[in-house]
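The chains referred to below are lettered A, B, ... by the order of the sequence lines, with proteins before strands, and numbering in each begins at 1. Predicted model only: the values in this text are computed from it and were never measured.
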2 protein chains.
Amino acid sequence: MTLSVREFMPDIAHADILEAAALCFMERGYNATSIDDVARRLGATKGRIYHHYPAKADLFAKVCRTGMDMNYAAIEPVRGDSADLLERWTRMATIHTRQMMETRPFQRAVWEGVELALRGSTTSSQREELDELLRYRNGYGDIFREVIAQGRREGVFDFEDLGIANQLMFMALNSPIFWYTKRPGETEADREKIIRQVVTFAMRGLGGKRQTQ
Amino acid sequence: MTLSVREFMPDIAHADILEAAALCFMERGYNATSIDDVARRLGATKGRIYHHYPAKADLFAKVCRTGMDMNYAAIEPVRGDSADLLERWTRMATIHTRQMMETRPFQRAVWEGVELALRGSTTSSQREELDELLRYRNGYGDIFREVIAQGRREGVFDFEDLGIANQLMFMALNSPIFWYTKRPGETEADREKIIRQVVTFAMRGLGGKRQTQ
DNA sequence: TTGACAACATACCGGGTAGTATGTTCATCA
DNA sequence: TGATGAACATACTACCCGGTATGTTGTCAA
């Protein structure tokens with residue numbers, strides 16, 4: 001049961017702006033999105049946005065950070081779970097994948113933000129913000145990394161290089177941000193079926209010993 | 001044995017420009033890359049580029065198409081392979097993954113081009129070029145899709161939805177374009193080890209019955 | 001040797017956009 | 001009730017970049 005964007009946001013006015021920004025960034029990418037685009041989607045003008053955010057880069061950074069905040073909040077309940085390790089990983093992966101689908105605009109911003117940070121060819125002002133996003137995201141990734149590392153020690157997972165395995169796992173779990181779109185008559189069962197396939201693919205890929213069928 | 005960019009290109013002058021453009025597009029993305037950036041990398045000026053390409057979009061499209069050309073050429077030899085189906089898939093996947101690593105700048109352009117095409121928020125002039133790239137790329141994807149579909153019928157693969165399985169498979173096989181970087185003292189054996197892990201992950205993810213260890 | 005053309009370089013223009021400076025409205029509170 | 005400031009809208013500027021128009025150099029053929 002992940003959080004909706006609005007529920008998670010304390011400030012409603014900001015949530016409006018952030019949602020519109022996230023949608024624009026998802027549809028056109030950071031560079032191709034103008035502040036006027038975001039304002040137009042809000043039915044407002046630049047003034048409103050620049051009143052709350054000093055620069056476009058700050059707005060983007062806020063969208064990214066909000067996306068990661070939601071991810072952290074979503075998996076927090078199962079982190080200290082005392083369940084079987086493979087079961088814990090499955091819960092985490094399921095929650096994560098669902099998160100990718102339900103908050104897709106924010107997660108695509110995170111993806112692009114990480115790409116921008118890794119390229120590193122930006123001005124020093126937004127450089128720091130993007131680096132912080134990268135650290136924030138790596139911290140999140142480490143949570144999964146530790147689980148699959150322990151899983152390998154316990155013999156429930158089987159892979160060679162931990163870094164590569166983690167990358168491949170996240171590529172699979174994150175992939176819905178690229179190809180998932182909510183269909184008109186889509187039910188909760190449909191979504192669960194998609195999530196199950198993604199999680200199963202990743203688990204098998206990691207050499208998981210038990211089938212999550 | 002994949003083709004190098006220069007070997008594959010018939011026109012040398014064009015290869016210079018395309019390589020420089022691919023590197024720029026990889027480092028900064030399409031929108032953030034100016035024609036002057038590409039020219040500067042070439043040690044030239046805009047004039048040289050605009051003499052050969054009518055617009056920035058055409059240059060980008062050519063880079064993408066070149067990337068796909070190389071992919072098609074690389075897997076062509078094993079398409080009609082009479083080997084065991086899982087073996088054939090493994091060869092194709094291995095070649096594809098190696099291709100992602102060796103021609104990474106071009107493949108990242110392809111990735112961004114597909115993203116741009118799917119977003120569809122571009123002017124009608126480059127719209128047609130991007131749509132053609134999309135078809136070109138889908139044709140390539142269908143080659144793999146048919147193999148894993150047949151594999152499922154023969155019982156060597158096991159997955160639910162064919163479309164989702166194909167997406168997940170390509171996410172894994174393509175992933176090196178995001179995280180792979182050639183290390184200083186890297187050997188051919190190192191590269192093969194990486195490729196093997198990627199291919200193994202994808203094969204297991206697809207429910208492949210035999211281990212490629 | 002000269003005309004013609006390819007292959008560039010140089011100089012310039014125009015549109016789009018981030019950011020700013022300046023209104024304007026409305027609620028709140030002394 | 002008037003002053004104050006938040007929350008915007010409006011109007012404007014400066015800059016970057018795609019594209020073009022024009023100049024320059026070398027080559028090659030007749």
Could you give the [atom1]-to-[atom2] distance, from [X] to [N], as a whole number of Å?
X       : N      : atom1 : atom2 : result
A:Arg48 : D:dA6  : CZ    : P     : 17 Å
A:Arg40 : C:dG16 : CZ    : C1'   : 12 Å
A:Tyr53 : C:dA18 : OH    : C1'   : 17 Å
A:Ile17 : D:dC8  : CD1   : C1'   : 10 Å
A:Phe60 : C:dT17 : CZ    : P     : 18 Å
A:Ile49 : D:dT10 : CD1   : P     : 14 Å
B:Leu42 : C:dC8  : CG    : C1'   : 12 Å
B:Ile35 : C:dT10 : CD1   : P     : 17 Å

Check: [Y] main-chain N/O paired with [X] side-chain donor or acceptor under 3.5 Å:
X        : Y        : result
B:Ser175 : A:Met171 : no
B:Arg104 : B:Ile177 : yes
A:Gln167 : B:Trp179 : no
A:Arg152 : A:Glu160 : yes

Review point. Reckon B:Ser34 touches a base, only the sugar-phosphate, or nothing at all at heavy-atom distances under 4.0 Å?
Key: sugar-phosphate
Practice item. Using only heavy-atom distances, determine whether the side chains of B:Ser34 and B:Asp37 contain a donor-acceptor pair under 3.5 Å. Key: yes
Point to revise | Distance below 4.0 Å between A:His51 side-chain N/O and D:dC8 OP1 or OP2 | key: no
Review point. Between B:His52 and C:dA6, does any side-chain N or O lie under 4.0 Å from OP1 or OP2?
Key: no
[X] side chain: which of [options] is closest?
X       : options                : answer
B:Ala44 : C:dG19, C:dA9, D:dA9   : C:dA9
B:Lys56 : D:dG18, C:dA18, D:dC8  : D:dG18
B:Tyr50 : C:dA18, C:dG19, D:dG19 : D:dG19

Check your understanding: Does any donor-acceptor pair link the side chain of A:Lys46 with the base of C:dG19 at a separation under 3.5 Å?
Key -> yes
Review point. 5'-most contact on DNA chain C: A:Asp36 or A:Gly47, nearest heavy atom basis?
Key: A:Asp36
